[in-house]
Amino acid sequence: MSIEVVEIGKRFGDFVALDDVSVSIPTGQLTALLGPSGGGKSTLLRIIAGLESADSGRVEIEGVDATRLPPQKRNVGFVFQHYAAFKHLSVRRNVAFGLEIRKRPKAEIRAKVDELLALVHLEQFADRLPSQLSGGQRQRMALARALAVEPTVLLLDEPFGALDAKVRKELRDWLRRLHDEVHVTTVFVTHDQEEALEVSDKIVVINEGRVEQIGTPDELYDKPANDFVMRFLGPVTQVGDHLVRPHDVQIDLDPAAPADATGVVSRISRIGFEIRVDVTVSDAEVVTVTITRNDLLALGLETGTRVGLRIAPVGTATLLDSKASYA
Ligand SMILES: Nc1ncnc2c1ncn2[C@@H]1O[C@H](COP(=O)(O)OP(=O)(O)OP(=O)(O)O)[C@@H](O)[C@H]1O
């Protein structure tokens, strides 16, 4: 394991920001810290970086106890949402900065910076000032600068958070490809579940200062440890006592067939390539089901159709008892 976070506690006054948090972060992987705003993700990242000190617990980086080491001795690179570039220095000089203060030979710096600019696809912008770059290009420059000093660990705090949705998506794909090339152990804070599911090898779900679950994207999506994780990772609907993904509910046109619930189609809406069907069940609860357009045509559903609802056969649906898990 590259980073071991062991029983970390952190308070701000009376407020408990992290409560006994333990996480093992594997070498060479891309790990997301995912959770709602205020849950403690950034605080944990800052403690790993050494920018914040924990009240209790330990941080090890590559087998070294880093708990009391200052940030510059931890060999970590960071990129934040609002990256502070040196405004008066060119892109090239910004990327070279860490190597220059380490007094590396000029030829070595030049070769390394060229390599990094190629890696982040900014070769043609090397002589521009940061203000002459787009937001996405600036974040790529920030990544190149962080990678220049060959950190053991790269820490990213919502690096694409300030960018618009389209650029975010492009940078997300790009980060995944970059990681596949350089394999530096990377920890990435996000509150966007789609971003975490798409990009990471492993996800740590953090809420109210605690770890709710750690797993691969598939494990979290298919076997959430509790209601919170299930709701946070994707859409849910309730059928009887069970929380289910809307695509794991089947619609049966024969309301007399064995079913987990019966009801009347109250609304059909198109969400991109999916169709959302709201079914009002007997006691005025609404179950949301998502189906494909072909399914809709095959079933011939319309508002007012009476239908049976079945949770997809056990093994494919994610069933959680919605009453038990809020305890
Ligand atoms: N320096 C500080 N002083 C007091 N409270 C703080 C400080 N830093 C963080 N907090 C509080 O600790 C909690 C966790 O903050 P943190 O930034 O770690 O959350 P987060 O999960 O990263 O959220 P976000 O996605 O909004 O950044 C928040 O309630 C925040 O207000």
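Just the heavy atoms: all of them, side chains too, but no hydrogens, waters or symmetry mates, feed the values below.
- Looking only at distances, a side-chain donor or acceptor of Ser22 sits under 3.5 Å from a matching main-chain atom of Glu7.
- Here NE2 of His247 is found 13.0 Å from CG of Asp295. Values are rounded to the nearest 0.5 Å.
- The shortest heavy-atom contact between Pro130 and Lys87 is CD-O, 3.7 Å.
- Between Pro71 and Val76 the shortest side-chain heavy-atom distance does not fall below 4.5 Å.
- Between Asp173 and Arg177 no salt bridge is recorded (no basic side-chain N to carboxylate O distance below 4.0 Å).
- The environment of CZ in Arg176 is crowded: more than 12 heavy-atom neighbours from other residues, nucleotides or ligands sit within 6.0 Å.
- Annotation for Gln72: atom CD counts as buried by contact number, over 12 foreign heavy atoms lying within 6.0 Å.
- Within 6.0 Å of atom CZ in Arg306, more than 12 heavy atoms from other residues, nucleotides or ligands are found, so the atom counts as buried in its surroundings.
- Each of Val23, Asp19, Leu33 was scored for a side chain to side chain contact (heavy atoms under 4.5 Å, CB included) with Val211, with one residue passing: Val23.
- Within a 6.0 Å radius of CD in Glu208, no more than 12 heavy atoms belonging to other residues, nucleotides or ligands are found.
- Asp65 and Thr67 share a side-chain donor-acceptor pair at under 3.5 Å.
- Checked by atom type and distance alone, the side chain of Arg140 pairs as donor or acceptor with a backbone atom of Val120 at under 3.5 Å.
- For the atom pair CD1 of Ile48 and CD1 of Ile25, the computed distance is 4.5 Å after rounding to the nearest 0.5 Å.
- A salt bridge does not link Glu194 to Lys169: none of the charged nitrogens lies less than 4.0 Å from a carboxylate oxygen.
- Here the closest non-hydrogen pair linking Leu117 and Val95 is CD2-CG2, 4.0 Å.
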Give every donor-acceptor pair under 3.5 Å between a side-chain atom in residues 8-17 and any protein atom, sequence neighbours left out.
unit_1	atom_1	unit_2	atom_2	d
Lys10	NZ	Ser53	O	2.8

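- Counting only distance, with no hydrogens or angles, the side chain of Arg145 and the backbone of Met141 share no donor-acceptor pair below 3.5 Å.
- From Ile275, atom CD1 reaches atom CD1 of Ile268 across 8.0 Å, with rounding to the nearest 0.5 Å.
- At a cut-off of 3.5 Å, with distance as the only test, no side-chain donor of Thr152 or Glu62 sits close to an acceptor on the other residue.
- Of the inter-residue distances, the one linking Arg74 atom CZ with Leu51 atom CG reads 8.0 Å to the nearest 0.5 angstrom.
- Looking at Leu233 and Leu34, their side chains come closer than 4.5 Å, going by heavy atoms from C-beta outward.
- A donor-acceptor distance shorter than 3.5 angstrom exists from the side chain of Glu219 to the backbone of Thr216, with no hydrogens or angles considered.
- Lys41 contributes a side-chain N or O that, together with a main-chain N or O of Gly35, makes up a donor-acceptor pair within less than 3.5 Å.
- Using a 30° and 60° split on the angle between ring planes, Phe86 and His88 fall in the perpendicular class, above 60°.
- Ring geometry for Phe160 against Phe188 counts as tilted: the plane angle lies between 30° and 60°, on a 0 to 90° scale.
- Salt-bridge formation is detected for the pair Arg92/Asp114: a Lys NZ or Arg NE/NH1/NH2 atom is positioned less than 4.0 Å from an Asp or Glu carboxylate oxygen.
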